[in-house]
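Structure first, commentary second.
Below, chain A is the first sequence line, B the second, and so on; all start at residue 1.
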2 protein chains.
Amino acid sequence: MNSKYSLKDFELRSTPCRTDVLATFQKVDYALSQGDIEQRLSDQYDRVTVYRTLKTFLTQGLLHKVLDDNGGVKYALCKELCHQGDHTHQHDHVHFKCNLCGQTTCLETVHIPSIQLPAGFTKQESNLLIQGVCSVCGA
Amino acid sequence: MNSKYSLKDFELRSTPCRTDVLATFQKVDYALSQGDIEQRLSDQYDRVTVYRTLKTFLTQGLLHKVLDDNGGVKYALCKELCHQGDHTHQHDHVHFKCNLCGQTTCLETVHIPSIQLPAGFTKQESNLLIQGVCSVCGA
DNA sequence: CTGTGTGCAAACACTTTGCAGGTGT
DNA sequence: ACACCTGCAAAGTGTTTGCACACAG
């Protein structure tokens with residue numbers, strides 16, 4: 001296990017809500033939506049507070065957005081070294097959404113192969129969402 | 001130019017709204033959101049009707065969803081042979097969103113390279129969104 | 001003529017904003 | 001003590017549903 005991030009690592013005040021939200025993400029290895037968080041914390045925090053917490057975590061580089069197939073947004077911890085500093089913040093890893101259980105996991109090991117873009121196109125970021133059946137549901 | 005689809009090809013009644021929405025998509029080569037459509041048709045149709053039209057087109061296989069980076073949904077024409085019939089409906093082509101002009105284009109020529117998934121994972125569909133600068137804005 | 005599409009109103013879901021009061025450092 | 005976080009209320013935005021009427025085939 002790698003040492004987990006703490007709020008202080010990101011220059012964030014330690015508050016109950018933030019601590020719990022962060023812990024919630026660290027407990028699972030898949031992406032969570034605002035609603036997921038709220039559920040897992042049994043609505044003990046105001047919906048708005050969770051929104052603001054997520055937004056704060058995003059801008060501080062603790063979380064990154066994960067696209068959902070139906071237009072929703074989920075969030076996942078930034079592992080590795082995509083900290084603050086410059087905002088390159090590359091997340092060229094693959095997300096896998098299981099169509100059965102609905103969980104979206106970051107396939108940390110798989111990276112997006114470089115793709116030959118047509119002339120004139122410049123890539124800044126890419127995001128690959130694969131949908132299918134995960135190893136748990138496929139068994 | 002390939003012969004464009006007509007509503008009848010998809011067993012859809014020909015109505016003014018559907019005709020105009022379809023024509024709107026055929027006029028451009030990038031993905032449009034519900035709002036885009038409404039604008040381009042100068043709100044001559046009810047917002048609800050456009051929603052329903054899009055949903056109908058989706059289920060009939062005329063359109064497919066295009067992921068947007070901020071959780072929005074856009075739609076683009078299905079070119080090629082991803083018609084109704086079986087619902088394999090593979091859309092493994094790449095979408096490119098320009099961070100300057102905001103347009104999302106389907107890079108029809110570029111396909112997603114096959115990716116080695118971890119054991120137990122089965123792919124059904126994949127969706128690659130690349131963000132950057134398009135050939136027009138990069139000039 | 002019959003079934004489906006359309007418009008309007010309203011409900012619904014999700015996210016953001018403003019402000020007063022509480023809390024971390 | 002001060003700045004920042006939180007909760008509540010309300011507004012904003014995007015999407016869906018119910019129903020009566022209109023229209024395509």
Side-chain angles (χ1 to χ4, degrees), chain A residues 5-25 31-76 84 102 104, chain B residues 5-25 31-76 84 102 104:
Chain A
Y5 299 134
S6 73
L7 291 168
K8 289 179 185 168
D9 296 338
F10 291 88
E11 302 178 348
L12 290 171
R13 276 197 190 171
S14 168
T15 68
C17 178
R18 288 178 175 175
T19 306
D20 285 351
V21 170
L22 178 55
T24 304
F25 276 106
L32 299 171
S33 67
Q34 194 275 345
D36 295 333
I37 304 277
E38 223 177 318
Q39 275 186 17
R40 281 158 198 274
L41 297 179
S42 325
D43 298 293
Q44 64 183 295
Y45 300 107
D46 192 280
R47 176 185 303 259
V48 176
T49 303
V50 176
Y51 275 116
R52 286 195 271 229
T53 302
L54 290 174
K55 182 173 282 189
T56 304
F57 283 8
L58 259 191
T59 60
Q60 294 306 108
L62 230 168
L63 295 177
H64 64 273
K65 279 192 182 182
V66 176
L67 295 188
D68 202 12
D69 60 319
N70 49 30
V73 186
K74 297 189 170 188
Y75 304 88
Q84 49 273 82
T104 305
Chain B
Y5 299 135
S6 72
L7 291 168
K8 289 178 187 169
D9 297 338
F10 291 88
E11 302 178 349
L12 289 172
R13 277 195 189 173
S14 169
T15 67
C17 178
R18 289 179 175 174
T19 306
D20 285 351
V21 170
L22 178 54
T24 304
F25 275 106
L32 299 171
S33 67
Q34 193 276 344
D36 295 333
I37 304 276
E38 223 176 320
Q39 274 186 17
R40 282 158 197 274
L41 296 179
S42 326
D43 298 293
Q44 64 183 295
Y45 300 108
D46 192 280
R47 176 184 302 257
V48 177
T49 304
V50 176
Y51 275 116
R52 285 194 272 229
T53 301
L54 290 173
K55 183 173 282 188
T56 304
F57 283 8
L58 259 190
T59 61
Q60 294 308 109
L62 230 168
L63 295 176
H64 63 274
K65 279 192 181 180
V66 177
L67 296 188
D68 202 11
D69 60 318
N70 49 31
V73 186
K74 297 189 170 189
Y75 305 89
Q84 49 273 83
T104 305

Query raised in the report: Can you find a pair of side-chain heavy atoms, one from A/Phe57 and one from A/Leu22, that are under 4.5 Å apart?
Result: yes
Report task. Report which part of the nucleic acid B/Thr53 touches: base, sugar-phosphate, or nothing (heavy-atom distance under 4.0 Å, all strands). Result -> sugar-phosphate
Report summary line: On DNA chain C, more 5' by nearest nucleotide between B/Val50 and B/Arg13 is B/Arg13
**Report entry** Start and end of the DNA chain C segment that chain A contacts, any atom under 4.0 Å from a heavy atom
**Finding:** C/dC14 to C/dT25
**Report entry** Nearest-Å distance for atom pair CG/P, residues B/Asp46 and D/dC19
**Finding:** 17 Å
Report summary line: B/Leu54 CG to D/dT15 P, in whole Å, measures 10 Å
Query raised in the report: With sugar-phosphate meaning primed atoms plus P, OP1 and OP2, does B/Arg18 contact a base, only sugar-phosphate, or nothing at under 4.0 Å between heavy atoms?
Result: sugar-phosphate
Query raised in the report: For A/Leu41 and D/dT6, what is the distance between atoms CG and C1' respectively, to the nearest whole Å?
Result: 15 Å
Query raised in the report: How close or far is atom C1' of D/dA24 from atom CG of B/Leu12, stated in whole angstroms?
Result: 13 Å
Query - Proximity to the side chain of A/Arg52 - top-ranked nucleotide from D/dT17, D/dT16, D/dG7 - result: D/dG7
Query raised in the report: Heavy atoms under 4.0 Å, any strand shown: does B/Thr56 hit a base, just sugar-phosphate, or nothing?
Result: nothing
Query raised in the report: Base, sugar-phosphate alone, or nothing: which one does B/Lys8 contact when heavy atoms must sit under 4.0 Å apart?
Result: nothing
Query raised in the report: Rounded to the nearest Å, what distance is computed from the CZ atom of residue A/Arg47 to the P atom of nucleotide D/dA9?
Result: 14 Å
Query raised in the report: Looking at A/Gly102 and A/Lys74, what are the two nearest heavy atoms and their distance?
Result: O-NZ, 3.3 Å
Report task. Could you tell me the separation between the CG atom of B/Asp43 and the P atom of D/dG14, rounded to a whole number of Å? Result -> 13 Å
Report task. Report the distance from atom NZ of A/Lys55 to atom P of D/dC4, rounded to the nearest whole Å. Result -> 17 Å
Query raised in the report: Of the non-hydrogen atoms in B/Arg18 and B/Thr56, which two are nearest, and what is the gap between them?
Result: NH2-CG2, 4.0 Å
**Report entry** Between C1' of D/dC4 and CD of A/Glu11, the distance in whole Å
**Finding:** 14 Å
Query raised in the report: Heavy-atom distance under 4.5 Å between the side chains of A/Tyr51 and A/Arg47, does that happen here?
Result: yes
